[in-house]
Amino acid sequence: MSEVGNSPRWLAVSALAKIKDGAYSNLQLNQLINQHHMDRRDINLLTNMVYGVIQHRLTLEYWLAPFVRHPNQIDPWVHELLLSAVYQWQYLDKIPKRAVFNETIEIAKVKGHPGIRRFVTGVLHQMDRTGLPAFEAITDPDERLSVTYSMPIWLINELRDQLGADKMQAIIASLNQPAKQSLRVNTALSTVEDVTTALTNDDLTVEPSEISPLGLVVTDGQAINTEAMQYGMFTVQDESAQLVVPTMQLNPGDQVLDACAAPGGKTTQIAAELDADQGGQVTALDIHAPKVRLIGQNAARMHVADRVNATELDARKAASEFGDERFDKVLVDAPCSGLGLIRRKPEIRYEKSLQDSLNLQRVQLSILSAVAPTLKKGGIMTYSTCTILQQENQQVIQAFLAEHSDFEAVPVTTARELKTDRDTDSLSIYPDDYLSDGFFIACLRKK
């Protein structure tokens, strides 16, 4: 019994039941990996199953539906057990079907009663006999896309309206590929070459990022467990996110406001560009005290604490707290729907609605308007999000500029000269462009 209870398949099922109940996938996985002593192969299977079932949930539900007459009457864990069996059978080529079915039935036997074991056995054998329903049986084209790629119909429609049918399909197809393990080298302490050498010596396989000069992508091994990580030679950060800070055109002595800073990834990247002896400092705001502490901890690990002032404050109160024209540069990495992170946080696709984006647009605009007075004349205010909808991106910038004639958009520039949006000078990175997170960056200069 203990062996089944600690197997990656059972741990995946128990995690999925909790995530369906509102827990975050990445936190659940980290907790399980920390609690159980597993080798790299078991960790990989557990991670693959949890993310895979979430990513393909609408597809798996469609395949399972004909074989379960009363889905609301079965325990949530049994439902997740069946979905995970179908996922392994259909998506994990290296695991024989017999092994998947046998282990699934064994889990049902150990964790449930004889009736559950018989039910699970019956469902699996019936699926095997009759085969799974085909996508072609779905007559509505949008519903077929939704089930095939496990994406909500509202998002499919919105992306098609904004970007065209071909780009929409490329994006939703790319989002079910695994997320890359991306790192940003800490230039306050190290170099790309030194981090590459350190990780290679630890038997990790590393390659340079296609889009960020400070970025590395680990293709084999876990960077988070290395001494180089503990020492602060690098931090885990997506390649797209690494592009934001260089667009701010920082100088070593700048006073910088990071208005929505937790957990501090961009704060520490800003700080690495500053020089405390020249008066350079980044004031990093968050509304929650534990997150402010987290910013401080990250700054200490990255050896830039002397340039970081982590402060508990709502960014919308920045002007009354700091006064007018206090900062040379301002970053508003705004709260957003996070739809650019679906590859990394697959459950987001089922939790968000178009109304969420419209509600966030008001918050984003209010933060931009609130921090604008704190920027010095001639200074740059950078706005960024990790979403791919124009409601939270281009439309926010257009609305802000319409209300603030003392600001103008300036072209976003990147070291690798990535192509900016033709009409707005902003930079949109979609999840299919480089298989990194979806991101938006705009730069506004105060006249």
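A quick note: this is a predicted structure, and the numbers were derived from the prediction, not measured.
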State whether the number of non-hydrogen atoms from other residues, nucleotides or ligands found under 6.0 Å of Lys446 atom NZ is greater than 12.
yes

Using the salt bridge (Lys or Arg N to Asp or Glu O under 4.0 Å) rule, pick out the option among Lys180, Arg344, Arg343, Lys345 that qualifies with Asp437.
Arg344

Looking at Gln230, I want to see if its CD is surrounded by more than 12 non-hydrogen atoms of other residues, nucleotides or ligands under 6.0 Å.
yes

Are there over 12 heavy-atom neighbours, none belonging to Asp39, within less than 6.0 Å of that residue's CG?
yes

Taking salt bridge (Lys or Arg N to Asp or Glu O under 4.0 Å) as the definition, give me every residue that meets it alongside Asp432, ordered by chain and number, with sequence neighbours left out.
Lys167

Would you indicate whether Arg416, at its atom CZ, is surrounded by more than 12 heavy atoms from other residues, nucleotides or ligands within a distance under 6.0 Å?
yes

Taken in chain and number order and not counting sequence neighbours, the residues that satisfy side-chain hydrogen bond (donor to acceptor under 3.5 Å, both in side chains) with Gln361 are Gln395

Test applied, salt bridge (Lys or Arg N to Asp or Glu O under 4.0 Å); reference residue, Asp254; option that passes from Arg307, Arg326, Lys376, Lys329
Lys329

Taking everything shown except Tyr231 itself, do over 12 heavy atoms lie less than 6.0 Å from its OH?
no

Is the number of heavy atoms from other residues, nucleotides or ligands under 6.0 Å of Leu92 CG greater than 12?
yes

Does the side chain of Ser212 come under 3.5 Å of the side chain of Gln242 through a donor N or O and an acceptor N or O?
yes

Between Lys447 and Ser405, is there a donor-acceptor pair closer than 3.5 Å when you use the side chain of the first and the backbone of the second?
yes

Mark yes when over 12 heavy atoms from residues, nucleotides or ligands other than Arg160 sit less than 6.0 Å from its CZ; otherwise mark no.
yes

Answer yes or no: does atom CD of Glu227 have more than 12 heavy-atom neighbours from other residues, nucleotides or ligands under 6.0 Å?
no

May I ask you to decide if the ring planes of His404 and Phe400 are parallel, tilted or perpendicular, using 30° and 60° as cut-offs?
parallel

Between Glu80 and Lys18, does any NZ, NE, NH1 or NH2 come within less than 4.0 Å of an OD or OE carboxylate oxygen?
no

How would you list, by chain and number, every residue that makes a side-chain hydrogen bond (donor to acceptor under 3.5 Å, both in side chains) with Asp406, sequence neighbours excluded?
none

